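Computation of the quantities below employed the complete heavy-atom set of this structure, encompassing side-chain atoms and omitting hydrogens, waters and symmetry-equivalent molecules. Since this is a predicted model, take the numbers as computed values, not measurements. Every chain is numbered from 1, with letters handed out A, B, ... down the list of sequences.
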Amino acid sequence: MKNLVSLLLFLGFSVQALPAARLSAPSLSRKASFQETYNRYPSPFGVIQQLQHIVPYMPLAKETECLTVGSSSAPAIGTIDPLQGSALEEEPSALFYPYFSNCVRSLGQMGFYDSATATANAQEILGDELALELNRWFVDDCKEPSVRPTICLYETDKRAASFWYGVKWQELPEDRRLKLMTAFVEYLVGPEAVLRRQELIGKESAFGIELNSVENLVKFLSDEMEKIKEGVSTLSVLQVYLETAIVLRLGPALKN
Amino acid sequence: MKHLALILTLLIGTAVHAKPLDPANYLLKISERLTGAWPKRSEYADLEKQMKALGCGEIACMGDYFKKYIEKKMDTPAFFAEASLKVHERFSLQTPQHVSFPIVASGSTQDNLGIESLLVFRVLKENLPIDDLFTSQTQWKVDLSELTSSRFASLLEFDVENVAEPRTRNFNVSHPALNDTKIIETNYAGHPNVAGLFSSQKFLTRYWNSPINGNRKRAAAVFKIMLCDPMNPALERLSAKAREQALAQGVPESTVTNRTIEEIHKNRHGNQKDCAQCHNRLDPLARTLRPLELGISKFASKGRLRFYDAVNQPVDFPANGFHDLITQITKQQKYNDCQMNWLFNWIVGKDVNIHPARFSELLETFEKDGRRMKETIASLLLSPEFQGREIKFETPPSFEKARVVLNNCYDCHSNFLKSHGAQLKLTLSKISNKLDLPNDGRDRKMPPSYHYWEPTQQEVLTVKAWISEGAPLVAGKNLLSPEEVRAILGGKK
């Protein structure tokens with residue numbers, strides 16, 4: 001369990017700041033306790049599938065090391081070559097944690113690099129309804145010249161990508177933050193029943209505090225993400241999505 | 001009284017675990033197990049819609065919905081990829097590095113095409129018996145003639161030398177996993193040595209033969225994969241330090257050696273009792289593999305499947321050619337047990353507790369349904385065990401006690417209680433012999449003297465008491481008849 005704590009510390013340092021204390025609470029490690037008999041360690045294929053779900057569209061997917069079982073990934077996710085070893089059957093090594101989070105971050109950068117891919121990913125992650133609403137935000141915000149945010153400087157077709165990269169989580173109005181975080185949680189984990197079974201919500205949640213509803217979890221995550229800083233600056237919308245994916249999926253990813 | 005026991009069994013049989021899965025988590029578990037990925041937003045939304053329409057919040061009242069969901073998931077490229085990976089693992093064969101979609105014929109994943117994956121695909125797609133993985137004489141390969149790159153052609157060649165007029169046909173397979181690929185089907189019906197994955201280049205390369213191992217490596221793989229017989233070497237080659245440690249722990253010197261294989265082969269191998277335990281089975285089987293030494297010859301070599309019958313006596317099944325031998329193995333009960341164990345461990349999990357009587361039920365269904373791989377996977381996904389529920393049986397106290405004693409054996413042996421009735425009878429006969437139950441364990445051969453567990457006489461008598469009762473797994477249902485008990489316990493109770 002020390003591994004997970006190290007991971008969370010690693011996550012914090014990798015964005016040059018510690019995440020909020022409650023996100024690194026040791027109690028989060030309960031999610032990776034590997035005790036439930038119906039859960040399995042993922043096959044290398046399973047790990048890759050999980051990464052692909054987090055960032056479903058990637059133009060250069062085939063070229064990345066994160067989607068290949070090779071010498072660089074084998075120590076972390078096992079191997080599919082039985083001559084060299086076998087797929088993970090026991091708790092993965094400590095290398096898995098930095099591997100998983102680094103891959104989520106690097107795939108995320110790729111998936112939102114160009115506008116077309118960013119739009120496709122946004123639609124998948126946010127759902128049709130919220131993806132449409134996102135476009136309406138751009139239109140509405142850019143109507144009024146006096147309060148035009150930076151994003152309006154971009155051409156219309158480039159706003160989708162620039163929204164994820166360029167807009168800071170902290171800059172968004174709270175209602176939008178909550179809408180986005182709700183969509184992230186729903187996409188990354190699932191409905192309330194799944195959140196509850198994975199102890200992400202409950203009287204004693206994996207975060208060590210009482211989070212009795214999806215709304216509570218969403219508010220908690222949104223607020224915590226707001227506090228994380230990268231250097232002197234706060235996180236972008238994309239960074240928040242990716243860090244949320246790491247926090248929410250790391251434990252379950254290990255218990256396929 | 002018998003009726004009462006039956007009613008009790010049925011009533012208790014419906015009892016469930018404290019925390020069974022709810023529909024959403026069940027959906028997640030199915031998706032993860034079959035494809036490695038978790039469900040999409042639309043799948044959860046569809047489930048919720050269905051739950052509302054049916055006014056139902058439990059798995060039990062949504063059976064049809066989940067059946068359809070499983071069917072749909074089992075027709076996705078990701079499922080075939082996962083299944084192909086599992087089969088490769090089972091055969092200890094190397095799989096391609098790009099595992100995203102091993103059988104998709106597009107982009108840079110072309111190097112993932114292989115006759116092994118295509119055989120798995122065909123067995124699942126056409127709902128064929130699992131036996132076809134081992135015995136199939138129909139081979140699919142992708143027609144690469146239209147592809148610009150010839151780089152992949154060599155990977156797919158299946159060199160069958162001197163094949164007597166194989167029949168071929170070309171056709172398109174319209175399936176997302178194959179991307180409407182043109183397939184060449186070659187039929188080697190009647191060939192004495194073509195037998196599913198065992199005659200693939202990958203298998204023959206992985207289990208190479210040499211003048212010293214003389215196909216025994218391949219024979220051991222056949223025993224391991226088809227019969228779950230580990231075929232561990234009797235003489236382990238140890239380093240000097242490991243040898244010292246083993247001797248210090250009381251391991252008999254005859255089983256510890258630091259000599260080279262060549263030395264063993266020259267001086268002692270074949271004459272030693274320990275070696276003979278495996279070699280009396282490996283050698284006759286390896287003889288049928290001779291025509292596979294250089295390519296695959298059309299000539300058959302006669303060999304034997306040496307096995308044990310219900311009274312623990314070796315029996316030979318003569319086989320004319322490798323295909324015949326593999327077919328003989330598929331007729332063995334232990335083969336059936338082994339395959340079901342593999343599927344159970346893959347889908348439900350090897351650490352999931354299952355009552356031997358329930359496992360026996362699964363085995364019967366598996367056999368009755370023609371050992372169809374796809375169908376069995378689907379039924380395991382719908383089983384209470386997968387849903388986190390446990391079917392409870394009224395277990396006789398004598399079995400409960402004996403089970404605790406026998407648990408000590410699983411350090412080295414597989415869980416032999418997870419087997420079919422006939423196989424279990426054979427195992428009990430072996431246990432009786434090894435623990436010397438007829439003489440209350442006075443001259444027992446197991447566990448070995450260096451093993452940490454030393455059964456007390458009381459423990460030996462506990463096992464004997466259970467067998468003498470007729471080895472009931474469920475109250476009121478004896479596994480052994482009084483005659484069988486007498487045969488196993490040597491006429492003494």
Requested in this report: Specify the closest pair of heavy atoms between A:Tyr187 and B:Trp38, including all atoms of both residues, with the distance to one decimal.
Outcome: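 Shortest heavy-atom contact: O-NE1, 3.5 Å.
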Requested in this report: Would you mind reporting whether A:Val194 and B:Tyr44 have side-chain heavy atoms less than 4.5 Å apart?
Outcome: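 B:Tyr44 vs A:Val194: side chains touch.
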Query - Partner residues of A:Lys219 under the salt bridge (Lys or Arg N to Asp or Glu O under 4.0 Å) criterion, sequence neighbours left out - result: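 Salt bridge (Lys or Arg N to Asp or Glu O under 4.0 Å) check on A:Lys219 returns A:Glu174, A:Asp223.
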Report task. Measure B:Pro23 against the heavy atoms of chain A and call it side chain, backbone, both or neither at under 4.5 Å. Result ->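 Looking at B:Pro23, nothing touches chain A.
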Query raised in the report: Has A:Tyr165 got more than 12 heavy atoms of other residues, nucleotides or ligands less than 6.0 Å from its OH?
Result: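 More than 12 within 6.0 Å, yes.
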Requested in this report: Enumerate by number any residue of residues 122-129 of chain A whose heavy atoms lie under 4.5 Å from heavy atoms of chain B; in the absence of such residues, state 'none'.
Outcome: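 Under the 4.5 Å heavy-atom cut-off, A:Glu124, A:Ile125, A:Leu126, A:Gly127 qualify.
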Requested in this report: Go through the structure and list residues passing side chain to side chain contact (heavy atoms under 4.5 Å, CB included) with A:Arg196, not counting sequence neighbours.
Outcome: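 For A:Arg196 the side chain to side chain contact (heavy atoms under 4.5 Å, CB included) partners, ignoring immediate neighbours, are A:Glu192, A:Ile201.
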Requested in this report: Please list all pairs passing the side-chain hydrogen bond (donor to acceptor under 3.5 Å, both in side chains) test where one or both residues lie in residues 45-63 of chain B, with sequence neighbours left out.
Outcome: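 Passing the test, one end in residues 45-63 of chain B: B:Asp46-B:Tyr65.
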